[in-house]
Chemist: 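Below are the structure tokens for one structure; questions will follow.
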Amino acid sequence: MSRYVARRLLQMLLVVTGATFLIFALVWALPGDPLSGMCGYRQCPAAYQTAMREKFHLDQPLWVQYTSYITNLLHGDLGETPGGRLVSHELVAAYPVTVRLALIAIGFEVIIGGLLGVVTALRKGKLSDHAALAVTMVLSSVPVFVIGTMMQLGLGLRLHWFPATISAAGSWSELILPGFALSVLSLVFVARLLRADLIDNLRADYVRTAIAKGLPRHRVVWHALRNSLIPVVTFIGADFGALLGGAIVVEGIFNIHGVGGLIVRSIYRRESAMVVGVVTVLIVVFLVVNLLVDLLYAALDPRIRYE
């Protein structure tokens with residue numbers, strides 16, 4: 001196991017290096033002057049432009065800029081915008097809100113999607129199964145901005161059950177409604193994926209053998225469910241990493257001050273350092289989540305071993 005983890009960490013280092021260089025190159029290759037608009041409608045003084053270009057190495061080749069960025073990154077410095085805003089400070093303010101939003105969405109996926117998948121699999125072919133499949137099919141065809149807007153208007157503005165807009169703090173209770181709106185499409189996929197895989201496992205030979213030996217039904221279903229969870233865990237792990245990247249649409253609808261909005265605002269302001277720094281952190285988090293998901297496979301299926 002330790003050798004596998006060490007090998008994966010080495011692969012993660014290579015992926016982070018390649019991905020950050022690609023993002024760095026794409027961001028800094030955008031047309032236009034990165035310092036444009038820094039002084040409002042007036043042109044910045046020549047001395048100020050010269051100082052900023054020297055500070056951010058804008059007058060140097062791309063590889064020099066990237067080397068300087070990686071060196072600072074290894075020392076824990078994510079960079080600074082030309083306006084003097086530290087990337088690390090902005091992330092500390094925005095990232096906890098996005099993490100809470102993602103955890104709430106994942107919670108709905110696991111609880112509602114998981115229960116729906118198990119119930120429909122055990123009641124395959126019955127009226128409740130057909131009704132659940134019809135509902136999930138309809139929900140999967142509705143865009144997330146439509147779901148979010150309808151929930152905001154209905155449950156937020158008209159019924160006043162939940163806040164229609166989220167404060168800057170983004171507390172757990174405030175994020176329940178946007179978290180559910182964000183999770184609808186994913187929990188539908190979790191339910192359908194778990195249903196299909198659990199039905200296949202309930203038809204397997206080892207299940208027939210367990211039933212023939214008189215094993216209680218709930219233990220048979222539990223063993224089949226453990227084997228059915230591997231593709232579901234894979235999807236949830238990938239989805240969690242994507243949610244941490246910022247649900248831009250949902251954050252925009254509910255005015256959530258998270259990572260998605262931070263990236264969009266930074267792109268509009270041409271704050272390249274902010275975009276590169278935030279995306280770099282997201283890449284690292286996504287890779288770590290995927291590593292944890294791979295290690296979880298061994299806990300779900302004892303036959304899986306990492307040597």
Side-chain angles (χ1 to χ4, degrees), residues 101-156 158-159 161-162 175-211 215-243 245 247-250 253-254 289-290 293 296-297 300-301:
L101 179 64
L103 289 175
I104 291 174
I106 292 297
F108 282 121
E109 291 180 26
V110 173
I111 297 173
I112 300 179
L115 288 176
L116 192 60
V118 173
V119 171
T120 53
L122 296 179
R123 301 181 61 84
K124 179 180 179 295
K126 298 184 179 181
L127 179 60
S128 58
D129 179 34
H130 293 302
L133 288 177
V135 172
T136 55
M137 186 175 297
V138 172
L139 290 177
S140 63
S141 62
V142 181
V144 66
F145 70 87
V146 175
I147 296 175
T149 303
M150 291 176 61
M151 288 184 176
Q152 184 186 49
L153 292 175
L155 301 178
R158 294 190 177 180
L159 298 178
W161 290 356
F162 301 93
L175 295 174
I176 292 178
L177 185 61
F180 182 71
L182 184 62
S183 69
V184 168
L185 298 181
S186 296
L187 71 84
V188 165
F189 190 83
V190 167
R192 296 177 69 92
L193 181 62
L194 182 57
R195 175 187 179 274
D197 210 74
L198 183 56
I199 289 175
D200 289 340
N201 278 292
L202 289 174
R203 295 172 179 171
D205 292 337
Y206 72 90
V207 172
R208 295 193 185 97
T209 303
I211 295 175
L215 200 67
R217 177 174 173 78
H218 68 276
R219 292 188 61 185
V220 174
V221 173
W222 170 246
H223 285 298
L225 179 61
R226 285 187 60 181
N227 293 333
S228 303
L229 285 177
I230 292 180
V232 176
V233 169
T234 302
F235 170 77
I236 291 177
D239 193 42
F240 184 62
L243 292 176
I248 297 177
V249 175
V250 173
I253 293 174
F254 292 92
V289 170
N290 276 272
V293 168
L296 186 59
Y297 290 161
L300 293 173
D301 191 344

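Position 1 is the first residue of the sequence, and the numbers go up from there.
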Chemist: Are P178 and I253 close enough that some pair of their side-chain heavy atoms sits under 4.5 Å apart?
Modeler: no

Chemist: Heavy atoms, side chains only, cut-off 4.5 Å: are L133 and R192 in contact?
Modeler: yes

Chemist: Between atom CG of D200 and atom CZ of R195, what is the distance when rounded to the nearest 0.5 Å?
Modeler: 10.0 Å

Chemist: Let me confirm one number: the CD1-CG distance from I112 to L116, rounded to the nearest 0.5 Å.
Modeler: 9.0 Å

Chemist: For A121 and L198, which heavy atoms make the closest approach, and how far apart are they?
Modeler: CB-CD2, 3.6 Å

Chemist: Within a reach of under 6.0 Å around CG of L127, are more than 12 heavy atoms found that belong to other residues, nucleotides or ligands?
Modeler: no

Chemist: In terms of ring plane angle, is the pair F189 and F235 parallel, tilted or perpendicular, where the classes change at 30° and 60°?
Modeler: tilted

Chemist: Identify the two heavy atoms, one from F254 and one from G148, that lie closest to each other, and give their separation to 0.1 Å.
Modeler: CZ-O, 3.7 Å

Chemist: Using every non-hydrogen atom in the two residues, find where V188 and T136 come nearest and quote the distance to one decimal.
Modeler: CG1-O, 3.3 Å

Chemist: Report the distance from atom CG of L115 to atom OG1 of T120, rounding to the nearest 0.5 Å.
Modeler: 10.5 Å

Chemist: Would you check if I104 and F180 make a side-chain contact, meaning some heavy-atom pair closer than 4.5 Å?
Modeler: no

Chemist: Quick check on I111: does its CD1 atom have over 12 non-hydrogen neighbours (other residues, nucleotides or ligands) under 6.0 Å away?
Modeler: no

Chemist: If you look at every heavy atom in S183 and A105, which pair is closest and at what distance?
Modeler: CB-O, 3.3 Å

Chemist: Measure the CD1-CG distance between I230 and D197 for me, rounded to the nearest 0.5 Å.
Modeler: 8.5 Å

Chemist: Nearest 0.5 angstrom please: E109 CD to L185 CG, how far?
Modeler: 9.5 Å

Chemist: With rounding to the nearest 0.5 angstrom, report the CG to CG distance, L194 to L229.
Modeler: 6.0 Å

Chemist: Is there side-chain contact between K124 and L202, with at least one heavy-atom pair below 4.5 Å?
Modeler: no

Chemist: So, do V146 and M150 sit near enough that their side-chain heavy atoms are less than 4.5 Å apart?
Modeler: yes

Chemist: Keeping S141 on the side-chain end and V138 on the backbone end, is there a donor-acceptor pair under 3.5 Å?
Modeler: yes

Chemist: Is the shortest heavy-atom distance from the side chain of V184 to the side chain of F108 under 4.5 Å?
Modeler: no

